[in-house]
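Reading through the structure tokens given below for one structure.
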2 protein chains.
Amino acid sequence: MTRRPTIGDVAKLAGVSRATVSFVLNNRPGVAVDTQRRVRSAAEELGWTPSSSARALSTGRARAVGLVLAREPELIGTDPFFPAFMAGIETVISETGDGLMLQMSRPENEVDTYRRLAADRRVDGVFLTDLRADDARPALVAELGLPAVAVGAPDSGTGLPSVNLDDRPAVREAVRHLVDLGHRDIAHVAGPDEFVHARRRRQAWSDALAEAGLPEGTLLPGGFTAEGGARATRMLLERPTPPTAIVYGNDLSATAGMAVAQDAGLRLPQDLSVVGFDDVPLASYTNPPLTTCRANPVSWGRASAQALVQLIETGTTADMDLEPATLVVRGSTGPAPVR
Amino acid sequence: MTRRPTIGDVAKLAGVSRATVSFVLNNRPGVAVDTQRRVRSAAEELGWTPSSSARALSTGRARAVGLVLAREPELIGTDPFFPAFMAGIETVISETGDGLMLQMSRPENEVDTYRRLAADRRVDGVFLTDLRADDARPALVAELGLPAVAVGAPDSGTGLPSVNLDDRPAVREAVRHLVDLGHRDIAHVAGPDEFVHARRRRQAWSDALAEAGLPEGTLLPGGFTAEGGARATRMLLERPTPPTAIVYGNDLSATAGMAVAQDAGLRLPQDLSVVGFDDVPLASYTNPPLTTCRANPVSWGRASAQALVQLIETGTTADMDLEPATLVVRGSTGPAPVR
DNA sequence: ACCGGCGTTTAAACCGGTTTGAATGATTGC
DNA sequence: GCAATCATTCAAACCGGTTTAAACGCCGGT
């Protein structure tokens with residue numbers, strides 16, 4: 001196994017200095033076209049590619065961005081958001097040859113994870129997802145001098161650029177859809193309240209009820225999990241007057257809720273209407289097909305990556321608002337039962 | 001914003017040379033304990049952490065491993081395997097402060113992605129997942145001199161160390177379970193045949209039928225997707241004599257299949273038994289709860305990471321076999337209907 | 001013949017660590 | 001008392017790039 005070629009080898013073969021090779025590589029002006037050709041063909045012949053660590057050292061840029069997934073391990077696999085979001089990031093950064101460093105951590109170690117990411121300088125910037133109401137990370141990245149964009153935290157006073165995709169229109173639309181179908185008792189099985197997006201969905205549900213002139217609905221925590229959704233559904237169905245419709249924080253808890261309701265002998269949607277959130281691939285294949293809200297996490301990842309890259313390169317970037325989530329009506333919602 | 005401290009700053013503050021600081025950092029023997037203390041407290045005071053790029057440059061080790069996800073974008077979010085697998089990797093590499101570089105690519109660009117990963121030397125080794133029957137990657141990583149472990153390709157002549165988790169016992173168990181329940185016509189809705197693991201599951205199904213003295217069952221492609229599972233199920237149900245049980249390649253297609261069957265008026269499990277694979281979080285909350293096969297992708301990730309780290313550090317590592325997948329019996333399987 | 005200016009190229013310093021071989025001072029052996 | 005040994009420390013080279021300031025060759029103008 002022969003040592004892999006360095007810039008010096010290329011320079012020698014092309015009969016120029018290392019500086020010239022570097023200039024050509026970064027297509028800087030002021031190199032004769034003939035020289036450029038010689039350098040390029042020498043590089044090609046040797047199969048030379050610059051070492052990223054050497055480059056990182058001299059430029060001070062790691063050419064990588066970081067994503068921290070701070071979820072309970074058992075939740076990690078259940079969320080369709082992250083894979084799609086990462087795919088969106090990738091489309092942007094791979095264009096410039098940048099990399100994505102992934103760190104997973106338990107929520108309680110999150111801060112240390114960011115600290116290490118910053119200390120090592122393995123990344124030039126990070127995404128802040130799953131922002132919580134009282135989140136320590138904005139202050140942390142500011143302290144560390146680490147460029148960061150907040151993903152989905154528009155109303156924040158974080159001082160960070162943020163990329164937003166509004167969940168609320170879809171949820172409001174869902175509630176209106178149910179109201180139009182005659183529902184008057186519409187419950188919500190929410191995600192963990194510390195998450196900004198869970199809270200926003202809850203707020204949208206609550207606002208929409210008020211807009212429709214309805215009293216406050218029943219609210220139960222579902223934790224974005226199947227188990228939580230199932231438990232909340234059981235509790236709702238045990239009430240003296242169960243709701244006729246339930247809006248869930250995500251598809252996972254909605255699907256589990258549907259199963260619980262059917263298990264209790266209810267027919268969907270005749271006896272109970274159900275709405276989810278996410279539009280997971282399975283949603284059109286549940287029985288009945290799940291009415292749900294669809295966002296576009298790929299475009300979200302793409303926009304977030306663009307914002308972060310710009311922030312890293314220029315020092316500033318504008319907030320961005322993506323197309324809001326929309327309602328997808330399928331078979332799990334229907335006219336309210338007559339009591 | 002003050003420049004972040006370097007090893008030189010620490011050395012000056014501690015009153016020693018940079019070499020000494022480096023020795024202390026890497027706890028090499030031959031430094032007086034008193035000096036060690038001084039260096040450590042100086043580092044602490046300045047909040048110094050070594051720059052990973054500088055380190056990478058001089059040691060020639062990137063201290064990161066790479067994972068390439070070459071899936072169709074629409075499939076990326078549907079597989080519970082990857083997040084869990086990555087979580088397992090993370091538990092191992094984070095101990096030593098290593099990082100995980102994630103690259104997503106379309107299957108057709110996969111080779112280029114590995115090439116770039118190797119050329120940049122951003123990673124010290126890679127995981128090869130989703131191995132296909134005639135896979136170009138083992139030869140590629142050998143050519144590139146890139147350490148790699150094959151994830152789940154035991155029978156291969158790849159020459160690569162591999163970490164395996166046998167799917168087959170669970171599938172065989174599933175078929176036996178169905179046979180015990182009186183089923184004689186057990187179909188299989190398989191994953192893409194180019195994947196080694198999809199093929200293995202199919203083979204196990206087929207072998208188990210033979211072992212039970214049954215004729216060959218009906219085989220249909222389900223592509224590991226909801227849509228594919230639904231379509232295959234429709235086709236199976238349209239047959240003159242539909243199977244009384246279906247073993248699916250994964251939970252996603254199984255769940256979609258259940259919905260299709262119920263939609264066609266079948267009661268589960270009275271009219272049709274269904275078995276999935278993966279044991280996704282939703283599996284115990286479908287209606288009826290899904291009988292399925294459970295592997296442990298977290299431990300798989302952990303073992304793969306250990307193997308890769310050892311391979312990187314020592315140049316060799318032993319193949320490893322993990323505990324095979326097992327059958328989890330729930331409500332979607334029951335006695336065969338009497339015809 | 002000399003000078004200024006331009007386009008092109010380069011030597012050398014630098015990024016922040018690691019590593020080697022030698023220097024230093026203290027201890028031991030004879 | 002002096003050389004040999006040992007533990008400790010350090011100066012300097014090195015990793016493979018980028019960048020700056022200076023040098024070079026060549027041209028036209030006077």
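What you see is a predicted model; the values in this text were computed from it and never measured. In what follows, chains are A, B, ... by sequence order, proteins preceding strands, each numbered from 1.
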Atom pair CZ/OG1 of B/Arg18 and B/Thr6 - distance to nearest 0.5 Å |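 OG1 of B/Thr6 is found 7.5 Å from CZ of B/Arg18.
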In this structure, which one of A/Val149, A/Leu311, A/Leu128, A/Val151 forms a side chain to side chain contact (heavy atoms under 4.5 Å, CB included) with A/Leu160?
->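 Exactly one option meets the side chain to side chain contact (heavy atoms under 4.5 Å, CB included) with A/Leu160, and it is A/Leu128.
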Using whole Å, what does the distance between atom [atom2] of nucleotide [N] and atom [atom1] of [X] come to?
{"X": "B/Leu46", "N": "C/dG17", "atom1": "CG", "atom2": "C1'", "answer": "16 Å"}
{"X": "B/Arg55", "N": "C/dT19", "atom1": "CZ", "atom2": "P", "answer": "9 Å"}
{"X": "B/Lys12", "N": "D/dA11", "atom1": "NZ", "atom2": "P", "answer": "13 Å"}
{"X": "A/Arg38", "N": "C/dT8", "atom1": "CZ", "atom2": "P", "answer": "13 Å"}
{"X": "A/Leu57", "N": "D/dT18", "atom1": "CG", "atom2": "C1'", "answer": "10 Å"}
{"X": "A/Ile7", "N": "D/dC15", "atom1": "CD1", "atom2": "P", "answer": "14 Å"}
{"X": "B/Asp9", "N": "C/dG17", "atom1": "CG", "atom2": "P", "answer": "9 Å"}
{"X": "B/Arg61", "N": "C/dT18", "atom1": "CZ", "atom2": "P", "answer": "13 Å"}

State whether the side chain of B/Asp124 and the backbone N or O of B/Ala62 hold a donor-acceptor pair below 3.5 Å, judged by distance alone.
->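 Side chain of B/Asp124 to backbone of B/Ala62: a pair is present.
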Under the 3.5 angstrom rule, does the side chain of B/Arg28 hit a backbone N or O of B/Phe23 as a donor-acceptor pair?
->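 Not at all, since once roles are kept as given, no pair shorter than 3.5 Å links the two residues.
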Taking the side chain as every heavy atom from C-beta outward, state whether B/Leu322 and B/Arg302 have any pair of such atoms under 4.5 Å apart.
->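 No; the side chains remain at least 4.5 Å from each other.
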Among C/dT18, C/dG16, D/dC10, find the nucleotide with the atom closest to the side chain of B/Val16.
->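 Per side-chain heavy atoms of B/Val16, the pick is D/dC10.
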Please determine, for the side chain of B/Ser17, which listed nucleotide (D/dA11, C/dG16, C/dT18) has the closest atom?
->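 The listed nucleotide nearest to B/Ser17's side chain is D/dA11.
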Listed in order of residue number, which residues of residues 19-35 of chain B have a non-hydrogen atom at under 4.0 Å from DNA chain C?
->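 Going residue by residue through residues 19-35 of chain B, the ones with a heavy atom under 4.0 Å of DNA chain C turn out to be B/Ala19, B/Ser22, B/Phe23, B/Leu25, B/Asn26, B/Arg28.
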Between A/Trp48 and D/dG16, is there a side-chain N or O to OP1/OP2 distance below 4.0 Å?
->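 No, outside the criterion.
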For C/dG17, does either OP1 or OP2 sit under 4.0 Å from a side-chain N or O belonging to B/Ser58?
->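 So the side-chain polar atoms of B/Ser58 never come under 4.0 Å of the phosphate oxygens OP1 or OP2 of C/dG17.
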Could you walk me through whether A/Arg38 and A/Asp34 pass the salt bridge (charged side-chain N to carboxylate O under 4.0 Å, His left out) check?
-> CA-CA 6 Å; A/Arg38 278 212 322 286; A/Asp34 182 60; 3.4 Å; yes
Check: C/dG17 base within 3.5 Å donor-acceptor of B/Arg18 side chain =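 When only heavy-atom distances are counted, B/Arg18 does reach the base of C/dG17 through a donor-acceptor pair under 3.5 Å.
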Hey, what's the ring geometry for B/Phe85 with B/Phe82, parallel, tilted or perpendicular (30° and 60° as the breaks)?
->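 The rings of B/Phe85 and B/Phe82 stand perpendicular, inter-plane angle above 60°.
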